Amino acid sequence: MQIKETYKKLLDHFGFQKWWPVHTGTDRFLEVSIGAILTQNTNWKNVEKAIENLIKDDVLSWDKLESIDLEKLKELIKPAGFYNQKAVYIKNFVKAVKGLPKERITRDLLLSIKGIGEETADSILLYGLDRPYFVVDAYTKRIFYRLGITKTENISYKKLQKIIQQNIPKDINIYKEFHALLVELGKNYCRKRPLCIKCPLNNSCKKNLK
Ligand code: SF4
């Protein structure tokens, strides 16, 4: 099945997802970036709780995240899990990026920060800075493999990102929506044990188990 058709079918089924949720009054780029770090290895509900703690304590700003005591930061982001590491990653990120003009925030710069991998960097770039980088995650790899678009689920991040970017219009809104739609499909149907009977892609999927 063509990648563009997949996008259209998912959009018809789930509708626009309108990620990334941001609280009003906060710095969008900062909140998206902190969310992208916090969402590593956890679900969004847990991230929301951690972000709410940061907002309640009035520390979701560059200056306050830079000066907050590390132990206090760990406590606030605890709901997101892996809080010892993630607190350090947030500190690393703020130290490297605070005060930089947006045009100097490149993918390479983000990837040079300990704790920021490709998925996190691209989430920050796409959802925080409106740059055209498609975000690949484990759902994307699984779904594209099962659809028969890729030969292995262990395809490299870069390779799959390139395949997708070459097959959809270079449009940040489509990049944002498509990624969010793949997450929905992965959560609701294309799970480890797929629910193919009700899946919106089942007519054209190679691994369809119905
Ligand atoms: S038909 Fe099944 S394997 Fe294919 S995408 Fe849907 S849930 Fe996944």
Side-chain angles (χ1 to χ4, degrees), residues 1-22 32 35-50 79-82 86 107 111 116-128 130-210:
M1 194 206 309
Q2 293 303 306
I3 294 177
K4 247 196 254 175
E5 278 172 57
T6 303
Y7 171 65
K8 281 184 192 146
K9 282 191 179 178
L10 292 178
L11 194 56
D12 282 349
H13 185 82
F14 291 112
F16 285 104
Q17 299 299 299
K18 299 193 179 122
W19 278 16
W20 185 291
V22 187
V32 168
I37 294 169
L38 291 175
T39 200
Q40 294 171 359
N41 302 307
T42 194
N43 65 49
W44 189 255
K45 266 190 193 154
N46 296 332
V47 175
E48 273 288 330
K49 286 180 202 152
F82 300 97
K86 288 179 185 177
R107 193 172 194 269
L111 290 176
I116 310 275
E118 289 185 291
E119 185 184 334
T120 307
D122 289 339
S123 298
I124 293 171
L125 292 164
L126 179 64
Y127 292 100
D130 290 336
R131 306 250 184 94
Y133 290 91
F134 193 86
V135 179
V136 172
D137 65 1
Y139 288 133
T140 323
K141 290 186 179 184
R142 179 198 293 165
I143 293 165
F144 276 63
Y145 169 63
R146 287 179 174 173
L147 290 174
I149 294 170
T150 59
K151 289 199 177 85
T152 168
E153 202 173 325
N154 294 322
I155 187 168
S156 76
Y157 186 101
K158 266 258 142 259
K159 237 186 191 170
L160 184 51
Q161 185 184 52
K162 198 172 165 195
I163 292 171
I164 298 171
Q165 291 187 173
Q166 280 173 341
N167 283 281
I168 56 173
K170 193 173 180 178
D171 177 326
I172 52 158
N173 292 318
I174 293 178
Y175 284 19
K176 288 178 184 179
E177 282 300 326
F178 197 11
H179 170 65
L181 289 164
L182 289 165
V183 171
E184 278 310 298
L185 186 79
K187 281 197 312 201
N188 292 294
Y189 301 104
C190 206
R191 302 172 178 176
K192 268 189 187 145
R193 283 176 178 226
L195 305 171
C196 300
I197 293 174
K198 292 186 177 168
C199 173
L201 305 180
N202 67 7
N203 286 333
S204 38
C205 177
K206 283 230 168 100
K207 299 274 177 202
N208 178 1
L209 305 175
K210 79 179 170 184

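First listed ligand is number 1; within each ligand, the first listed atom is number 1. Predicted model, so just to flag it, every value in this text is computed and none were measured.
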Which of the numbered atoms in ligand 1 are under 4.0 angstrom from any heavy atom belonging to N202? 1 (S)
Just by modelled atom types, is the D137 backbone N or O under 3.5 Å from a matching donor or acceptor in the T140 side chain? yes
Go through R146 and E153 one step at a time and tell me if the salt bridge (charged side-chain N to carboxylate O under 4.0 Å, His left out) criterion holds. CA-CA 8 Å; R146 287 179 174 173; E153 202 173 325; 5.3 Å; no
Do K159 and T150 have side-chain N/O donor and acceptor atoms under 3.5 Å apart? no
Between the main-chain N or O of Q17 and the side-chain N or O of E177, is there a donor-acceptor pair closer than 3.5 Å? yes
Ligand 1 atoms nearer than 4.0 angstrom to some heavy atom of Y189 are 7 (S)
Distance filter under 4.0 Å to R146 heavy atoms, resulting ligand 1 atoms: 3 (S)
Parallel under 30°, tilted from 30 to 60°, perpendicular over 60°: which one fits the rings of W19 and Y127? tilted
Out of G148, S204, C199, whose heavy atom sits nearest atom 6 (Fe) of ligand 1? C199
In this structure, does ligand 1 have an atom that sits under 4.0 Å from one of the heavy atoms of I143? no
What part of C205 sits under 4.0 Å from ligand 1 if we count only heavy atoms: the side chain, the backbone, both or neither? side chain
Using 30° and 60° as the class limits, which term best fits the ring planes of Y189 and F14: parallel, tilted or perpendicular? tilted
Confirm or rule out an N/O/S atom of C196, from backbone or side chain, lying less than 2.8 Å from atom 2 (Fe) of ligand 1. yes
